[in-house]
Every structure is written in structure tokens, then in C-alpha cells.
Amino acid sequence: MQPPKDFFRPLALGAPMPVREVPARPSRMIHFFDPSNEKMAAKVPDIAKKADVVLGNLEDAISADKKEAAREGLVSIAQATDFGETQLWTRINSLDSPWCLPDLIRLVPAIGHKLDVIMVPKVEGAEDIHYIDRLLAQLEAQAGLERPILVHALLETARGVANVEEICGASPRMQGLSLGPADLAADRRMKTTRVGGGHPGYVVRADPNPDDAEAPRTTFQQDLWHYTMARMVDACATYGIFPYWGPFGDIRDTVACEDQFRNAYLMGCVGAWSLHPVQIDIAKKVFSPEPSEVAWARNVIHQMGDGTGAVMIDGKMQDDATVKQCKVVVELAEALSASDPDLAAAYQAATDAVLGAGSGQ
Ligand SMILES: CC(C)(COP(=O)(O)OP(=O)(O)OC[C@H]1O[C@@H](n2cnc3c(N)ncnc32)[C@H](O)[C@@H]1OP(=O)(O)O)[C@@H](O)C(=O)NCCC(=O)NCCSC(=O)C[C@](C)(O)C(=O)O
Ligand SMILES: [Mg+2]
């Protein structure tokens with residue numbers, strides 16, 4: 001079905017032309033910082049050197065009496081910092097809050113030319129995106145911005161999940177979605193107080209031992225977030241935008257954080273949030289393909305020639321579909337290599353070991 005003819009028309013006279021394709025920029029981690037916390041704010045220039053995205057958070061985790069300080073802190077940090085290739089995002093306050101409109105009216109003229117993405121919390125349906133879309137166009141036109149600020153929706157309400165496809169298709173500004181496990185759990189009346197990860201009570205149990213009714217029965221912990229993540233990934237893929245895991249709140253449990261991030265990576269997410277510096281490296285490790293994975297993918301693409309038909313490589317069937325899977329891995333590796341020379345070298349060394357030195361891949 002064609003989009004309406006005015007889908008890509010600016011929603012205000014003088015507003016920048018909407019993008020026709022969301023740029024696939026490295027965003028392995030969206031690093032949250034509190035712009036009202038001077039100590040944390042002072043670290044932003046250094047953090048920006050190692051994070052793909054830095055996000056000045058104005059919503060939850062910012063106390064009501066700090067909302068204005070966070071907004072002004074973000075303006076100061078953005079105006080004073082050269083972010084280089086690192087993206088600058090913000091999470092504004094929810095649309096029903098008294099701070100949302102002041103957030104946008106202050107941020108767009110002051111730092112709109114540096115803001116890549118505005119994250120909107122608690123999005124319930126396309127109507128929320130339409131509201132932001134038109135308002136941003138008006139503010140961009142008044143500020144004389146030359147490129148549109150993209151929008152990222154937080155998937156953290158039951159109605160938002162029920163409407164996830166219409167949210168993704170609501171505007172050419174849509175950059176992607178993040179899964180917000182805390183608000184979503186509360187809204188669904190899920191009985192978990194954790195922020196992401198599993199729960200020891202969510203299990204399936206092996207059948208009783210027919211020879212010994214008293215023998216202990218093994219249990220297998222299930223993933224509370226599998227359905228929601230799959231819905232989010234499918235909706236984003238349908239509209240060519242990007243899915244992310246949100247926060248992992250147990251900051252000390254770096255192992256379970258890595259597990260949660262890897263679940264997201266394997267399910268098709270392109271990144272996750274880092275709430276603390278320790279989580280930046282976890283996300284970088286998980287959301288960067290392994291060098292051996294990149295070498296394998298390049299080998300499959302190399303051996304599959306024009307990408308059609310079927311061959312056997314190391315005992316595994318490869319065909320038109322697996323070539324596409326391999327291209328996803330190689331395209332991500334090449335995008336990351338452009339900004340990470342160490343990664344580029346590791347990918348090339350692994351590829352040369354499989355395809356021969358100087359394979360030119
Ligand atoms: C958890 C906290 C309080 C622990 O902060 P801390 O200072 O107690 O931790 P620390 O281990 O002592 O910190 C060590 C050093 O790292 C610094 N540091 C610590 N964190 C950061 C950071 N993010 N960026 C940059 N620097 C940071 C900190 O300032 C300190 O610096 P120092 O060594 O000079 O003393 C802190 O990490 C923090 O505030 N993180 C951000 C939390 C946040 O943004 N939460 C909201 C997103 S999750 C959410 O909203 C849910 C969702 C999606 O809506 C839904 O599921 O519904
Ligand atoms: Mg939330």
C-alpha cells in the first residue's frame with residue numbers, strides 16, 4: 001500500500017524536508033546521562049568519545065524539582081560539546097506532563113541543529129507521533145533548521161504494544177523504538193519489580209520421573225520479554241526503522257546485563273541503553289558482530305557468487321536467504337569499522353585468515 005501522497009511533505013511551511021530513509025548509523029548503546037548532575041555532565045565529552053549515542057535524559061529518573069535544571073543543563077552541554085560522529089539524543093518528558101511543551105520550545109531553537117533524535121516516552125498510538133511530528137515541524141521552521149529531528153518512541157505501555165505497527169508507520173521522522181520494561185511491566189500488572197532480565201518465578205517444569213515420583217523436577221527459566229521484543233522487531237523491520245532493548249537496571253550484575261543485551265542482539269535489535277559507564281563496554285561487545293562471525297559471513301557471500309542457489313559450506317546449507325543474513329552482519333561490521341579502527345583491524349584479520357591475506361573484502 002502506497003503511503004499518502006503528502007506523507008513526505010513538511011508539516012509546516014519552511015520546515016526541512018522529511019527523510020525518505022532512516023540512516024543506519026552505529027547505535028550499539030544509547031548512553032543515558034542526567035544533565036542536571038554536574039559531575040555526570042562533566043563526563044559527557046569523554047563519554048561521547050566512546051559511546052555511539054549520548055542521551056540527555058529529562059524524564060523519569062530526573063526529579064520534579066530538577067526538570068528545569070536538566071533541560072538547561074542539556075542546552076549548555078550540547079552548545080559546549082563537539083560530538084564528532086557520536087549522536088546526541090534526548091528523552092523529553094511525557095506528552096501529558098507539564099514539562100513536555102517547555103522541553104520542545106526550549107530545545108529545538110537552542111540545540112535543534114545538534115539534536116539527532118528526540119525520544120518520546122509512553123507512546124500509546126500514532127496520534128502521539130502525529131502530535132510531535134507537526135509541533136516539531138513548526139518549531140524547526142521557526143528555528144530555520146535544515147534537517148529534521150528524528151523521533152524515537154518508547155514502547156512501555158500495553159496500548160503502545162497493541163499499536164506498535166501504527167506507531168512505526170506514523171511519520172517519516174520515526175527512527176526506531178526502545179522497549180521500556182519497567183513502565184510496561186507496571187502497565188500490564190506484571191509482578192516483576194526488575195528493570196529487564198528474567199525472573200526466577202517464570203519457568204516451565206520437566207514431567208515427573210515415572211520411576212520416582214519424589215525425584216526433583218528440573219525447571220527452565222523463560223524469557224518474560226520474548227513476545228514483546230519480537231513484536232517490536234517485526235514492526236520496526238516492516239517500516240525500515242530500528243529496534244533497541246531499553247535499560248537493564250541491575251547495574252552490578254554485568255553478566256545478566258550481557259545476557260539481556262545478547263538476547264536483544266540475536267532477536268534483531270541494533271543496540272541497548274547504557275545507564276552506567278560499565279554498561280557501555282557490555283553493549284559495545286554484544287552489538288558488534290564477532291570477527292569470526294564477520295569472516296564466516298564474508299566467506300558465504302564470496303562462495304555464493306551471485307547470491308542465488310545452494311551450496312554446502314563446512315557442512316551447513318547456504319542459499320539466497322543465508323546470503324541476506326550474512327549481508328546484515330557484514331553491513332553492520334563495515335558501518336562500525338568506519339568509526340572503530342580496532343574493530344576494522346580485527347575484522348580484516350579474521351577475514352584474511354579465512355579468505356587469504358589481502359582478500360580485499
Ligand atoms: C544509577 C546511578 C544513579 C548510579 O550512579 P552512582 O554514581 O551511584 O554509581 P557509581 O557506580 O558510584 O558511579 C561511578 C562513577 O560513574 C559516574 N556515572 C554513573 N552513572 C553515569 C552515567 N549514566 N553517565 C556518566 N557517568 C556516570 C558517577 O558519577 C561516578 O563518577 P565518579 O567516579 O567521578 O564518582 C547512575 O548510573 C544513573 O543515574 N544512571 C542513569 C539512570 C537513568 O537514566 N535512568 C532512566 C533510564 S531507565 C528508565 O527510564 C526505565 C524506562 C525505560 O522508562 C522503563 O522501563 O519504563
Ligand atoms: Mg519508563
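Ligands are counted one by one from 1 in listed order, and the atoms in each one are counted from 1 as well.
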Self-check item: Test applied, side-chain hydrogen bond (donor to acceptor under 3.5 Å, both in side chains); reference residue, K122; option that passes from T157, D183, D96
Solution: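 Answer to the side-chain hydrogen bond (donor to acceptor under 3.5 Å, both in side chains) test with K122 among T157, D183, D96: D183.
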Enumerate the atoms of ligand 1 whose separation from the nearest heavy atom of [X] is less than 4.0 angstrom.
X	value
P247	48 (S), 51 (C), 53 (C)
H31	22 (C), 23 (N), 24 (N), 25 (C)
G180	53 (C), 55 (C), 56 (O)
I47	25 (C)
E156	52 (C), 54 (O), 55 (C), 57 (O)
W273	47 (C), 48 (S), 53 (C)

Under 3.5 Å, side chain of [X] to main-chain N/O of [Y], donor-acceptor pair present?
X	Y	result
T192	R194	yes
T322	D319	yes
Q260	G197	yes
N163	E124	yes
T90	G56	yes
R231	V161	yes

Of the protein's non-hydrogen atoms, which lies at the shortest distance from [atom], and what is that distance?
atom	value
atom 37 (O) of ligand 1	L275 O, 3.2 Å
atom 35 (O) of ligand 1	K39 NZ, 2.8 Å
atom 1 (C) of ligand 1	I251 CD1, 3.7 Å

Strictly less than 4.0 Å: does any protein heavy-atom distance to [atom] fall in that range?
atom	answer
atom 15 (C) of ligand 1	no
atom 10 (P) of ligand 1	yes
atom 46 (C) of ligand 1	yes
atom 41 (C) of ligand 1	yes
atom 31 (O) of ligand 1	yes
atom 57 (O) of ligand 1	yes

Quiz prompt | With R91, the side-chain contact (heavy atoms from CB on, under 4.5 Å) member among I62, L58, L154, V120 | solution =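 Answer to the side-chain contact (heavy atoms from CB on, under 4.5 Å) test with R91 among I62, L58, L154, V120: L154.
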Is it true that [X] lies under 4.0 Å from ligand 1, counting heavy atoms only?
X	result
V195	no
P277	yes
R91	yes
D34	no

Quiz item: Under 30°, 30 to 60°, or over 60°: which ring-plane class applies to W273 and F32, parallel, tilted or perpendicular?
Solution: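 Rings of W273 and F32: parallel, as their planes differ by under 30°.
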Exercise. Measure the acute angle between the ring planes of H152 and W89, then classify it against the limits of 30° and 60° as parallel, tilted or perpendicular.
Key: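 The arrangement is tilted - the two ring planes meet at 30° to 60°.
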Quiz item: Taking atom types as modelled and ignoring hydrogens, do the side chains of S274 and H31 form a donor-acceptor contact shorter than 3.5 angstrom?
Solution: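 A donor-acceptor contact under 3.5 Å links the two side chains.
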Quiz item: With a 3.5 Å cut-off and no angle check, do the side chains of R205 and T219 form a donor-acceptor pair?
Solution: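 There is no such pair between these side chains.
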Tell me, please, which residues at least two apart from [X] pass side chain to side chain contact (heavy atoms under 4.5 Å, CB included).
X	result
D6	P4, R9
F220	V204, A206, T218, Q222
N299	Q303, I313, V354, L355

Quiz item: What part of E59 sits under 4.0 Å from ligand 1 if we count only heavy atoms: the side chain, the backbone, both or neither?
Solution: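 Under 4.0 Å from ligand 1, E59 contributes no heavy atoms.
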Quiz item: At a non-hydrogen distance cut-off of under 4.0 Å, which region of A61 contacts ligand 1 (side chain, backbone, both, or neither)?
Solution: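 Within the 4.0 Å criterion, A61 contacts ligand 1 through side-chain atoms alone.
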Self-check item: V123/L155 under side-chain contact (heavy atoms from CB on, under 4.5 Å): CA gap, chis, key distance, verdict
Solution: CA-CA 7 Å; V123 171; L155 195 60; over 6 Å; no
Quiz item: With the 4.5 Å side-chain cut-off for hydrophobic clustering, are L55 and V22 part of the same group?
Solution: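 Same cluster.
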Exercise. Answer yes if V329 and M304 sit in the same cluster of Ile, Leu, Val, Met, Phe, Trp and Tyr residues linked by side chain heavy atoms under 4.5 Å apart, and no otherwise.
Key: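 V329 does not cluster with M304.
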Practice problem: Nearest heavy atom to atom 28 (C) of ligand 1 wins, so pick from K122, K43, M119, M40. | Solution: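 Heavy atom nearest to atom 28 (C) of ligand 1 belongs to K43.
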Practice problem: For atom 19 (C) of ligand 1, state which one of E38, H276, R252 supplies the nearest heavy atom. | Solution: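 Looking at heavy atoms only, the winner is H276.
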Self-check item: Geometric N/O contact L154 with ligand 1, under 3.5 angstrom
Solution: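 L154 vs ligand 1: no N/O contact under 3.5 Å.
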Quiz item: Closer than 2.8 Å to the Mg ion (ligand 2), which protein N, O or S atoms?
Solution: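 N, O, S partners closer than 2.8 Å: E156 OE1, D183 OD2.
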